[in-house]
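Data first, discussion second: the structure below is written as structure tokens.
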Amino acid sequence: MKGNLSINSENILPVIKKWLYSDTDIFVRELVSNACDAITKLKKLVDLGQVEHISPEENYKINIELNKDEKTIKITDNGIGMTENEIQEYINQIAFSGATAFMEKYGDKLDKDNEIIGHFGLGFYSAFMVSDKVEIDTLSFVEGEKAVKWVSEGGTTFEITEGEKDTRGTSITLYINESSGEYLEEYKLRQTIEKYCGFMPVEIYFETLPKKETDKKDENEEIDEIEEEIKCLNDPHPLWLKPANECTDEEYKDFYHKVFMDFNEPLFWMHLNMDYPFRLKGILYFPKLKHELESIEGQVKLYNNQVFIADNIKEVIPEFLLLLKGVMDCPDLPLNVSRSFLQNDSNVAKMSSYIIKKVGDKLNSIFKNDRETYNKYWDDISPFIKYGCIREKSFYDKVKDSLIFKTTNNEYLSTSEFIEKNKDKTDNKIYYATNEQQQASYIKMFKDNAMEAVVLTSNLDNPFISYLENYDNNVQFLRIDSDVSDTLKNSTDEKISDDDKKYLDEIFKSALNNEKLNLQVESLKSENVPAIITLAEQSRRMQEMTKMFGNMGMGADMFKDDQKLILNQNNNLIKTLIGLKDNADKNDLVKIICEQIYDLAMISHKPLDVDSMNNFIERSNLILQKLSE
């Protein structure tokens, strides 16, 4: 029998190649999925007792055979098979009326979102993306049916003849075209099978035909190679299908290493299992995260009934969760998801909310039941949690009581714990340091007065603390050098005279050549600190935001006038300067001391620019030289 396929255009193959799939390797997923379906249907009939001549203990499998010499790939299953009438129904009738109507309806959308995928059951025809010719050899499970052979070259005409297949099931042979020769490479084909079919529910075996005699090694080596090739490639029973209470820590870790090729240990994980109003199973892993989001690359793999769909689909998985690693199996999603489907499907929003809730519940559970472990994890997971709070208000609402901060005393405290512990010292404010080394003098002043600050070192912290202040009126963050806390001042000391204040103001403005210098004199409890630099919190945050948006020059200078030089009248060096007030012979020394005090204060506030650092080093050397004379 010969005939034409039931379509109204001869351009079906170019349409499939150009519009239906963005990646040609999808043909592996489509054809192997069809083979899985064929086996699943037969197993169901056997389980229902409708097929008596097939044993319930039948060994079902899919074989994929690569023949580089013949330039073929053959996919064989021992499933339900097809009769000639079924080939006419399933293969010869493509599920749309014409390419013209198809292009008119979908042409303006397909190039962007590939929305046609999954709508018309065209999986089998993905074979023509990589093939010049496709053959189907099939034998139905129905006793007495004859084998059938179907051949098509180019995808627009076909020929059906009686076949020679003598075992139940279907074999599809692809004659690979020149432009798709990469799939004739064993490594490429094996990699593609593992990508899409690594967890399909039927065992999959991959085999390359024996090499030519001239290419053979000795006989024993060849046997070893073939045995290695025909090992099962997939895991038909992935860990996410197993009840969580039956999974061991070692199984979770082994699965993580195998799927994500990450030899580091995950910190912890959570097992997802939802049956209503949608079906979802999966495992989310919390890996160690670096502090800068730009370097974080998570991977959440989405499956449909164990068939790989895609990585990191933001419409299904909340964006901040993509910093994690995991697998999710959602049978209620189509194999080929489109953005319009995801945006209009009510289950997708529920799925996202469910995942956020489960992640929040997991974090809260560790916080409440194993605080020591939670504290230990915090440095590694805090970028994820902070980013998640900023991105998803519902996530913040869920975990806000479990947000903690590392302190300068190496403790981990929540905002409420910090405020309660330091309420007599900080007036319900939360002080923080962004660089423990650079701000060491400020931290020491705090510690000398039994005070502490939290440590915030990530670029994410600036928007994060602003976010917290926006939603919690009881929280106010101040950088440790934003102001001088009353706790650090010595209120019992007498204030210096107005004349001495005026003198200090004049000599520092003159020495620094800065008439706009904002100078203030205080009596600090820490006598060893001659001066500190402060910058109002909101000015500093605006400065950081300006830098973040690329205005580097403006960020450095825009708020320079808001900086304040606080001189400590309790310090001996400041007292020495006051003592030199009427000694004109010491003007050069006064200038050097003022410059050195200012630079020392600035170094504790922020890094010096190149010129200032060079001047500071030269001046320090000069001071040492004078001391040795």
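Every heavy atom of this structure was used, including side-chain atoms; hydrogens, water molecules and symmetry mates were not.
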Inset, instruction - Please step through side chain to side chain contact (heavy atoms under 4.5 Å, CB included) for the pair Asp379 and Lys288, ending with a clear verdict. - result: CA-CA 9 Å; Asp379 289 348; Lys288 289 187 176 183; over 6 Å; no
Legend entry - Lys41 with Glu86: basic N within carboxylate O range, under 4.0 Å: no
Inset, instruction - Fit a plane to each ring of Phe260 and Tyr256, take the angle between them on a 0 to 90° scale, and name the class: parallel (under 30°), tilted (30 to 60°) or perpendicular (over 60°). - result: tilted
Inset, instruction - For the residue pair Asn63 and Thr76, confirm or rule out a side-chain donor-acceptor distance under 3.5 Å. - result: no
Inset, instruction - Inspect the contact between Glu186 and Arg190 and indicate whether a charged nitrogen and a carboxylate oxygen are less than 4.0 angstrom apart. - result: yes
Legend entry - Beyond-backbone contact of Val307 with Ser33, side-chain heavy atoms, under 4.5 angstrom: yes
Legend entry - 4.5 Å side-chain heavy-atom contact, Tyr205 and Leu233: no
Legend entry - Check: Tyr396/Glu392 side-chain N/O donor and acceptor closer than 3.5 Å: no
Legend entry - Leu403 and Leu468, any side-chain heavy atoms less than 4.5 Å apart: yes
Inset, instruction - Check whether any side-chain heavy atom of Lys43 lies under 4.5 Å from a side-chain heavy atom of Thr40, and answer yes or no. - result: no
Inset, instruction - Answer yes if the side chains of Glu436 and Thr408 hold a donor-acceptor pair under 3.5 Å, and no otherwise. - result: no
Inset, instruction - Can you spot which of Phe124, Tyr125, Tyr183 makes a ring-ring contact (aromatic ring centres under 6.0 Å, His included) with Phe27? - result: Tyr183
Legend entry - Residues Lys393 and Asp397 bridged, charged N to O under 4.0 Å: yes
Legend entry - Residues Glu203 and Lys61 bridged, charged N to O under 4.0 Å: no
Inset, instruction - Determine, stepwise, if the pair Leu272 / Lys281 fulfils side chain to side chain contact (heavy atoms under 4.5 Å, CB included). - result: CA-CA 5 Å; Leu272 303 171; Lys281 294 182 185 294; over 6 Å; no
Inset, instruction - Measure the acute angle between the ring planes of Trp240 and Phe255, then classify it against the limits of 30° and 60° as parallel, tilted or perpendicular. - result: perpendicular
Legend entry - Heavy-atom check, side chain of Phe405 versus side chain of Phe418, under 4.5 Å: no
Inset, instruction - Please lay out, stage by stage, how Asp235 and His237 fare under the test side chain to side chain contact (heavy atoms under 4.5 Å, CB included). - result: CA-CA 5 Å; Asp235 178 4; His237 307 288; 4.2 Å; yes
Legend entry - Side chain to side chain, Trp378 and Ile385, heavy atoms closer than 4.5 Å: yes
Inset, instruction - Using a strict 4.0 Å threshold on nitrogen-to-oxygen distance, state whether Asp361 and Lys398 make a salt bridge. - result: yes
Inset, instruction - Could you tell me whether Glu411 and Lys406 make a salt bridge, using a distance below 4.0 angstrom between a side-chain N and a carboxylate O? - result: no
Inset, instruction - Establish, yes or no, whether the cationic atom of Lys400 lies under 6.0 Å from the six-membered ring centre of Tyr471 and within 45° of the ring axis. - result: no
Inset, instruction - For the pair Phe395 and Phe320, name the ring-plane relationship: parallel under 30°, tilted 30 to 60°, perpendicular over 60°. - result: tilted
Inset, instruction - Could you check whether the rings of Tyr354 and Phe278 sit parallel, tilted or perpendicular, using 30° and 60° as the cut-offs? - result: perpendicular
Inset, instruction - Can you see which heavy atom on Glu469 is nearest to which on Arg541, and at what distance? - result: OE1-NH1, 2.6 Å
Inset, instruction - First locate atom OH of Tyr431, then atom CG of Leu478, and finally report the distance between them rounded to the nearest 0.5 Å. - result: 5.0 Å
Inset, instruction - Determine, stepwise, if the pair His271 / Cys247 fulfils side chain to side chain contact (heavy atoms under 4.5 Å, CB included). - result: CA-CA 10 Å; His271 206 124; Cys247 300; 3.9 Å; yes
Inset, instruction - Report yes if some heavy atom in the side chain of Phe384 is under 4.5 Å from a heavy atom in the side chain of Phe286; otherwise report no. - result: yes
Inset, instruction - Answer yes if the side chains of Glu372 and Tyr377 hold a donor-acceptor pair under 3.5 Å, and no otherwise. - result: no
Inset, instruction - Write down the atom of Leu363, the atom of Val399, and the distance for their closest heavy-atom approach. - result: CD1-CG1, 4.3 Å
Legend entry - Side-chain H-bond candidate by donor/acceptor type, Thr407 with Asn409, under 3.5 Å: no
Legend entry - Side-chain heavy atoms of Pro266 within contact of Pro287, under 4.5 Å: no
